[in-house]
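A note on names: the letters A, B, ... follow the listed sequences, proteins ahead of strands, and every chain is numbered from 1.
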Amino acid sequence: MPETSDEYQRRLKKLQELKHKGQDPFGYHSYQRTHSSRQLQENFAELEGQAVSVAGRLIAMRGHGKSTFADLQDANGTIQIHARVDVLGEERYEDYCELDLGDIVGASGELFGTRTGEVTIRCEEFVLLAKALRPLPEKFHGLQDPELRYRQRYLDLLANDEISQIFAARSRIIKAARDYLTEHDFLEVETPVLQPIYGGAAARPFTTHHNALDMQLYMRIAPELYLKRLIIGGCERVFEIGRVFRNEGIDTRHNPEFTILEVYQAYTDYEDMMALTENLVATMCQTVHGGLTFTYQGNEIDLSPPWQRMPLIEAINEYSGVELTNLEDTEVARRQAIEAGLEAERLSDQPLGYIIEKLCDRFVQPNLIQPTFITDYPVSISPLAKRKSDNPQLTARFEPFIGGEEVGNAFSELNDPLDQRQRFEAQAAARAAGDEEAHPLDDDFVQALEYGMPPTGGLGLGIDRLVMVLTDQPNLREVILFPLLRPVDDQR
RNA sequence: GGGCCGUUAGCUCAGUUGGCAGAGCAUCGGACUUUUAAUCCGAGGGUCGCAGGUUCGAUUCCUGCACGGCCCA
């Protein structure tokens with residue numbers, strides 16, 4: 001709404017008149033509340049007849065001449081306020097009637113129940129704690145426009161009750177994971193977000209610059225390489241929950257910054273990480289659903305362990321019919337993928353690993369509704385994972401899928417510094433061939449490995465994706481408070 | 001990157017086969033001392049996303065652009 005609108009100007013005038021009268025609503029620094037609206041609603045039997053005070057946003061007014069009902073909204077609910085001219089007096093009652101929807105108000109008085117049973121405060125005193133100059137979205141339909149919901153999330157939270165429930169669930173899910181890990185003797189750590197060399201995932205980074213050191217820095221795409229340095233340092237069990245940044249497209253499953261949980265445990269392998277994944281996700285689910293079953297986009301999902309396991313090559317064979325027997329013959333794989341239905345032009349000049357990932361994305365992933373570990377990814381697309389002892393072309397790696405969504409990545413960590421260097425060199429070659437997501441060589445990390453890293457299992461979980469699945473949201477933006485959108489000028 | 005769809009009052013949405021722009025809520029004025037999507041009477045509020053084109057006339061048709069949504073890649 002433009003500031004020239006009648007409504008804005010009318011409210012601005014009210015504010016100025018209040019200031020003239022020495023009642024600047026923005027002059028208050030605090031307000032003493034005795035109860036929240038929820039406490040009043042839940043404990044009415046004990047509190048009836050007591051003097052109470054509340055504060056919140058005025059979201060509805062129903063005037064009846066010499067008395068007025070209003071609804072005040074605070075963090076966890078609403079409470080009705082009843083103002084009467086014979087209680088407040090003529091002057092204060094008129095002031096009360098001048099309040100606008102959206103104003104932040106403190107009110108106090110005796111708690112009573114109306115004849116319809118509504119818990120209500122008889123308004124004996126009230127104070128305007130902040131003036132709302134702009135009107136709120138309509139109360140009945142809420143705020144529907146997805147663009148406005150994301151751009152002005154505060155209005156979404158005010159107008160749509162269920163939104164705050166999603167973010168409360170998100171908070172509980174993260175707390176559940178953190179509690180589980182700390183109770184199992186994992187050390188929570190924080191590693192650099194600004195990194196001179198990025199790594200730990202196949203992604204393009206955001207680049208920035210440090211002025212004093214006059215050096216290029218990258219926003220991390222993963223904390224992995226630092227957490228493994230801590231394993232080398234003897235920490236044995238570490239985890240980090242933090243934001244990572246990937247300079248790629250935005251869609252229903254991707255936001256340029258998202259929250260990752262990474263866990264590393266010395267003397268374990270990827271099978272131990274499967275068990276840890278089952279336990280962690282079960283704990284998260286318990287805190288939201290009170291059990292291990294829930295619905296995601298119409299599908300009943302059961303997280304009871306053990307989850308199904310399926311080697312990637314077998315899964316591709318089962319769901320696409322493509323039989324990848326020779327993991328070195330890219331041409332055969334490309335021809336088979338095209339026959340299976342992948343677009344030929346997308347696969348030309350692409351390495352085998354890319355073709356395998358596309359086959360999985362297209363044919364396998366949509367079928368993985370019940371929790372499933374896809375295992376044994378090729379070495380070429382797993383530069384930080386340990387080779388399988390029985391097949392050096394494959395790695396001891398898995399990705400967990402739930403509800404058709406990829407929610408993580410884990411493996412037995414590669415701890416052979418000589419092999420790691422070769423893998424980095426293969427990545428450098430891929431980069432030279434045009435793969436912008438290939439890992440840069442991290443000499444410092446290889447040097448760390450040369451001091452000896454115990455065999456270690458590592459796990460990364462995408463928190464946003466998990467929250468999306470566990471709260472039955474169809475879109476990642478529904479579980480990120482402020483998703484990235486293009487800025488827009490005020491023309492609209 | 002491609003396809004489809006959307007953008008009309010503060011919000012939620014109608015609508016115009018091209019001819020003065022509509023509703024509900026919100027707002028303003030009036031009535032009303034137990035309402036709760038309060039009710040009743042009356043009123044105001046619009047660059048119809050932006051820019052071009054076609055036309056006597058465009059919010060409507062065409063083109064481009066912006067932002068967003070869904071699907072595909």
(request) For A:Arg253 and B:C70, give me the distance from atom CZ to atom P, rounded to whole Å. (result) 9 Å
(message) From the set B:U34, B:C70, B:U12, return the single nucleotide nearest to any side-chain atom of A:Asp145.
(response) B:U12
(request) Please state whether the phosphate of B:A66, meaning OP1 or OP2, lies under 4.0 angstrom from any side-chain nitrogen or oxygen of A:Arg486. (result) no
(message) Using a 4.0 Å heavy-atom cut-off, does A:Thr252 contact any base of the nucleic acid, only the sugar-phosphate backbone, or nothing at all?
(response) sugar-phosphate
(message) Whole angstroms only, please: what is the CZ-C1' distance between A:Arg11 and B:A26?
(response) 9 Å
(request) Among B:C28, B:U33, B:U12, find the nucleotide with the atom closest to the side chain of A:Asp100. (result) B:C28
(message) Counting distance alone, no hydrogens or angles: does the base of B:U34 have a donor or acceptor under 3.5 Å from a partner atom on the side chain of A:Arg115?
(response) no
(message) Using OP1 and OP2 only, check whether a side-chain N or O of A:Lys139 sits under 4.0 Å from B:A38.
(response) yes
(request) Looking only at side-chain atoms of A:Glu7, point me to the closest of B:U27, B:C25, B:U35. (result) B:U27
(request) Answer with base, sugar-phosphate or nothing: what part of the nucleic acid does A:Leu148 contact at a heavy-atom distance below 4.0 Å? (result) sugar-phosphate
(message) Once you measure the plane-to-plane angle for A:Trp307 and A:Phe373, does it fall in the parallel (<30°), tilted (30-60°) or perpendicular (>60°) bin?
(response) parallel
(request) Have a look at A:Tyr93 and say if it touches a base, only the backbone sugar-phosphate, or nothing, with a 4.0 Å heavy-atom cut-off. (result) nothing
(message) From C-beta outward on A:Arg84, which listed nucleotide comes closest to its side chain: B:A73, B:U35, B:U33?
(response) B:U33
(message) So A:Gly142, base contact, sugar-phosphate only, or nothing? Heavy-atom distance under 4.0 Å.
(response) sugar-phosphate
(message) So A:Gln144, base contact, sugar-phosphate only, or nothing? Heavy-atom distance under 4.0 Å.
(response) sugar-phosphate
(request) For A:Gln297 and B:C70, give me the distance from atom CD to atom C1', rounded to whole Å. (result) 13 Å
(request) Take atom OH of A:Tyr8 and atom C1' of B:G45, then tell me their distance rounded to the nearest Å. (result) 18 Å
(request) Have a look at A:Arg477 and say if it touches a base, only the backbone sugar-phosphate, or nothing, with a 4.0 Å heavy-atom cut-off. (result) sugar-phosphate
(request) Please check if atom CD in A:Gln216 has more than 12 non-hydrogen atoms from other residues, nucleotides or ligands closer than 6.0 Å. (result) yes
(message) Can you measure A:His141 atom NE2 to B:C11 atom P for me and round it to whole angstrom units?
(response) 14 Å
(message) Taking atom types as they are modelled, would you say the side chain of A:Glu147 forms a donor-acceptor pair with the base of B:U7 within the 3.5 Å cutoff?
(response) no
(request) Measure from CZ on A:Arg134 to P on B:A9 and round the result to the nearest Å. (result) 16 Å
(message) Counting the atoms with a prime plus P, OP1 and OP2 as sugar-phosphate, which does A:Leu101 contact under 4.0 Å by heavy atoms, base, sugar-phosphate, or nothing?
(response) sugar-phosphate
